[in-house]
Amino acid sequence: MAGILVCGAQWGDEGKGRFVDFLAKDADMVIRFQGGNNAGHTVIHAGVTYKLHLIPSGILYGSKPCVIGNGVVVDPGALLEEIDGLEKAGIKTSQLFLSDRAHVLMPYHRALDAMNEESLGKSKIGTTQKGIGPCYTDKTSRLGIRFCDLLDEERFAMLTRQRTAEKNQIITKIYGKAPLDAEAIIAEYRAYAERLKPYITDTSQMVYDAQKSGKTLLFEGAQGMLLDLDYGTYPYVTSSHPTSGGVASGVGIGPAALTEVVGVVKAYTTRVGAGPFTTELSCETGDLIREKGHEYGTTTGRPRRCGWLDLVIVEFAARINGITSIALSRMDTLGGLDRVKICVGYELNGEVIRNYPASLKDLEACKPVYKEFDGWDANLSHIRAFEDLPASAKEYVNFIEEFLGVPVDMIGVGASREECILRKQYV
Ligand code: IMP
């Protein structure tokens with residue numbers, strides 16, 4: 001029995017999708033446990049590029065059960081769009097299963113996300129405006145609607161009328177916008193319920209049964225360490241737990257199910273949305289990395305902010321997630337620079353610290369302390385063995401391993417699944 005988690009060790013967009021696709025080959029089940037369609041996983045599978053938001057990347061193999069767990073918030077229209085897109089491309093979705101305990105993302109969640117952001121003005125979070133925050137807010141306020149409710153026509157209609165009336169008070173009286181029509185929502189979602197019915201089940205039991213029978217489970221994280229609701233750069237975070245702690249509650253399985261935690265680390269750092277970013281490069285080098293790495297959001301198309309690799313963040317992620325193995329992505333993107341830097345500490349009030357501060361005020365005052373390395377300009381995409389990397393690239397990787405005390409077991413040298421150096425067999 002193996003339970004492998006792939007999680008992001010920075011601000012999301014680390015390139016988790018390609019490693020999940022790679023590991024899914026030997027897994028028996030692939031499971032999402034948090035987030036929603038704010039996530040965007042780009043996967044190049046058999047030469048075709050897929051952009052997935054809610055459905056686990058394992059779906060591309062056709063026959064593997066793929067689970068959307070109870071911890072995910074699901075916009076049914078967005079899910080059906082994704083299902084239709086895959087079916088159109090010849091990918092079967094009959095092995096997709098959606099938790100009857102997952103929360104349904106409603107049109108008022110999307111509306112409130114946009115209105116909240118607008119009202120925050122300059123201090124806005126920079127959300128994806130998919131309604132994720134308001135949907136989790138309703139969940140924790142015990143005002144949410146779950147997929148088991150969606151299947152119950154009468155209960156769903158009753159809950160939708162109640163909730164829409166409450167939200168319309170906020171929408172009209174606080175934000176001065178037009179109210180939403182509950183009856184139109186009920187009709188729209190009834191059609192979704194009919195189509196989604198075959199996918200909805202008790203996924204926690206399914207995962208447990210698979211675990212008991214010795215299957216290999218692959219847990220697919222969305223977003224990343226510093227977007228975690230508790231440990232991220234609050235309030236510039238998402239509303240779920242992308243860290244390993246989110247797996248047990250987001251799937252409905254005991255924590256001992258995890259036998260390996262793979263932290264995906266980009267060879268540099270990116271961030272979308274607002275909030276402090278200590279190693280940000282607001283200069284030509286940052287622009288160069290953005291263009292070379294096509295660093296634009298999969299979900300929103302927004303340009304990502306780019307900066308040097310920050311090991312203060314990754315060490316924090318290794319601790320909070322219990323990372324046992326690192327997958328380093330985008331080594332190829334950094335190629336071509338004369339010199340590259342890694343942040344190894346922060347200077348704060350005349351002291352050098354290695355612990356990621358909780359206070360945004362402290363974080364904003366932090367100055368990066370760098371170690372410099374020679375760059376590598378060779379094209380790396382054909383390399384499959386660590387020994388064949390240019391000496392300076394090897395030095396970069398070795399330094400990361402030594403600093404963190406965690407092995408770098410996979411190294412991405414290009415976008416496709418094959419363009420990877422594998423230093424360990426996971427299953
Ligand atoms: P929300 O999750 O849409 O509420 O957005 C909250 C913050 O998380 C914003 O800074 C978003 O840009 C960020 N975020 C959400 N999903 C992702 C992701 O998949 N990758 C990177 N950033 C994300």
Side-chain angles (χ1 to χ4, degrees), residues 6-20 32-43 50-57 71-75 78 82 103 105-106 108-120 122-140 220-243 246 250 263-266 268-277 280 290 293-307 313 317 329-330 360 363:
V6 175
C7 60
Q10 292 152 316
W11 270 294
D13 307 318
E14 296 91 353
K16 295 177 288 296
R18 63 90 52 92
F19 292 113
V20 171
R32 270 281 300 270
F33 58 95
Q34 47 73 229
N37 61 326
N38 48 351
H41 293 164
T42 305
V43 184
Y50 298 91
K51 290 187 191 296
L52 299 167
H53 300 279
L54 278 162
I55 300 180
S57 315
V72 181
V73 291
V74 179
D75 182 331
E82 218 168 301
H103 279 243
L105 197 140
M106 302 289 284
Y108 47 74
H109 293 137
R110 279 193 307 267
L112 287 170
D113 197 354
M115 291 172 203
N116 292 340
E117 281 286 270
E118 197 186 327
S119 76
L120 284 170
K122 272 193 173 158
S123 33
K124 71 177 182 181
I125 309 289
T127 74
T128 58
Q129 306 214 358
K130 300 288 179 189
I132 307 299
C135 189
Y136 277 115
T137 303
D138 271 358
K139 176 177 175 173
T140 49
E220 176 173 355
Q223 289 90 38
M225 171 68 217
L226 287 181
L227 292 173
D228 183 87
L229 185 57
D230 276 85
Y231 280 97
T233 43
Y234 193 91
Y236 299 100
V237 293
T238 193
S239 300
S240 66
H241 295 288
T243 41
V264 183
V265 177
K266 208 182 256 186
Y268 46 94
T269 311
T270 60
R271 166 164 218 185
V272 274
F277 182 172
E280 183 164 17
R290 183 178 310 105
H294 311 290
E295 293 291 356
Y296 293 87
T298 311
T299 304
T300 58
R302 288 180 291 177
R304 294 177 184 145
R305 299 156 67 192
C306 298
I313 292 174
S329 65
R330 301 278 192 165
L360 285 198
L363 207 47

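Values below: all heavy atoms of this structure, side chains included; hydrogens, waters and symmetry mates excluded. Atoms within a ligand are numbered from 1 in the order they appear, just like the ligands themselves. Note that the numbering runs from 1 along the sequence shown for the chain.
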Q) For ligand 1, is there an N or O atom under 3.5 Å from any N or O atom of Q129? A) no

Q. To the nearest 0.5 Å, how far apart are CZ in R110 and CD1 in I132?
A. 10.0 Å

**Q.** Closest to atom 7 (C) of ligand 1 (judged by heavy-atom distance), picking from N38, L226, D13, V237
**A.** V237

Q: Would you check the N or O atoms of D113, main chain and side chain alike, for any that come under 3.5 Å of an N or O of ligand 1?
A: no

Q | Short side-chain to backbone donor-acceptor contact, E295 and C306, under 3.5 Å | A | no

(Q) Could you check whether any side-chain heavy atom of Y136 comes within less than 4.5 Å of a side-chain heavy atom of T140, counting everything from C-beta outward? (A) no

Q: Please write down residue, atom name and distance for the protein heavy atom closest to atom 2 (O) of ligand 1.
A: T238 OG1, 2.6 Å

Q | Sub-4.0 Å heavy-atom contact, A39 with ligand 1 | A | yes

Q.
Suppose we measure from atom 5 (O) of ligand 1 to each protein heavy atom; which comes out shortest, and what is that distance?
A. T127 CA, 3.4 Å

(Q) What verdict does the side-chain contact (heavy atoms from CB on, under 4.5 Å) test give for Q10 and V265, after you've listed the backbone C-alpha separation in whole Å, the side-chain angles of each residue and the deciding distance to 0.1 Å? (A) CA-CA 7 Å; Q10 292 152 316; V265 177; 3.7 Å; yes

Q. Counting heavy atoms only, which of R302, R271, Q223 is nearest atom 16 (N) of ligand 1?
A. Q223

Q) Is there a donor-acceptor pair closer than 3.5 Å between any side-chain N or O of E82 and the backbone N or O of H53? A) yes

Q | Structural part of Y236 in contact with ligand 1, heavy atom criterion under 4.0 angstrom | A | neither

Q. So is S239 polar-close to ligand 1, meaning N/O to N/O under 3.5 Å?
A. no

Q) Hey, is the main chain of G126 close enough, under 3.5 Å, to the side chain of R302 for a donor-acceptor pair? A) yes

Q: For atom 3 (O) of ligand 1, find the nearest protein heavy atom and state the residue, atom name and distance (0.1 Å precision).
A: T128 OG1, 2.6 Å

Q: Report yes if K130 has an N/O atom closer than 3.5 Å to an N/O atom of ligand 1; otherwise report no.
A: no

Q.
Return the closest protein heavy atom for atom 10 (O) of ligand 1 as residue, atom name and distance.
A. V272 O, 3.4 Å

Q. Roughly how far, to the nearest 0.5 Å, is CG of D138 from OH of Y108?
A. 6.0 Å

Q) Just which atoms of ligand 1 are under 4.0 Å from any heavy atom in W11? A) 21 (C), 22 (N)

Q: For atom 11 (C) of ligand 1, state which one of G126, G275, G273 supplies the nearest heavy atom.
A: G126

Q) When you check the gap from the basic side-chain N to the acidic O, do R304 and D13 get nearer than 4.0 Å? A) yes

Q. Atom NE2 in H41, atom CZ in F19: separation rounded to 0.5 Å?
A. 13.0 Å

Q. Is the backbone N or O of S57 less than 3.5 Å from a side-chain atom of R32, with the two atoms forming a donor-acceptor pair by type?
A. no

Q. Using a heavy-atom cut-off of under 4.0 Å, does the side chain or the backbone of L227 touch ligand 1, or both, or neither?
A. side chain

